Amino acid sequence: MSDGPLQVNEFNYHNACLLRDAEPWGQGFAEPLFDGADQLTCDYERIAYRLMPDEWRGNQAVQLMIEYRCAA
């Protein structure tokens with residue numbers, strides 16, 4: 001089960017922070033999990049991922065934490 005795909009313009013630091021700060025996650029409240037990302041992978045792969053903010057040495061970026069990967 002997933003929350004569906006994200007559009008390319010939704011892969012941004014602001015959205016990743018909103019998702020992170022919307023917790024707590026736990027029983028009955030699963031952390032958002034997205035699928036697809038065909039624009040990021042080969043046409044023959046499907047992935048399920050979590051969007052996470054990444055901060056390092058003053059730089060802000062978005063990181064996809066891949067939870068599942070399989071052939072489409």
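Quick caveat, the model's predicted, so the values are computed rather than measured. The first residue in the sequence is number 1, and the count goes up from there. Only heavy atoms go into these numbers, but all of them, side chains included; no hydrogens, no water, no symmetry mates.
With a 6.0 Å radius and a threshold of 12 heavy atoms from other residues, nucleotides or ligands, R69 has its CZ atom at or below the threshold.
A side-chain donor-acceptor contact under 3.5 Å links D3 to the backbone of L33. A donor-acceptor pair under 3.5 Å is absent between the side-chain atoms of R20 and the main chain of P53, judged by distance alone.
Counting side-chain heavy-atom gaps under 4.5 Å among Ile, Leu, Val, Met, Phe, Trp and Tyr, F29 is found in no cluster with other residues.
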Is there a side chain to side chain contact (heavy atoms under 4.5 Å, CB included) between Y49 and L6 once you walk through the steps?
CA-CA 10 Å; Y49 59 91; L6 290 176; 3.7 Å; yes
Stepwise side chain to side chain contact (heavy atoms under 4.5 Å, CB included) check, Y68 with D35:
CA-CA 9 Å; Y68 182 75; D35 68 16; over 6 Å; no
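Between the CD atom of E67 and the CD atom of E31 there is a distance of 7.5 Å, given to the nearest 0.5 Å. Taken to the nearest 0.5 Å, the CZ atom of R50 stands 12.0 Å off from the CG atom of L64.
With hydrophobic clusters built from ILVMFWY side chains whose heavy atoms lie under 4.5 angstrom apart, F34 shares a cluster with I66.
Taking the side-chain contact (heavy atoms from CB on, under 4.5 Å) definition, one finds that N15 meets it with E10, N12, L18, L51, sequence neighbours left out.
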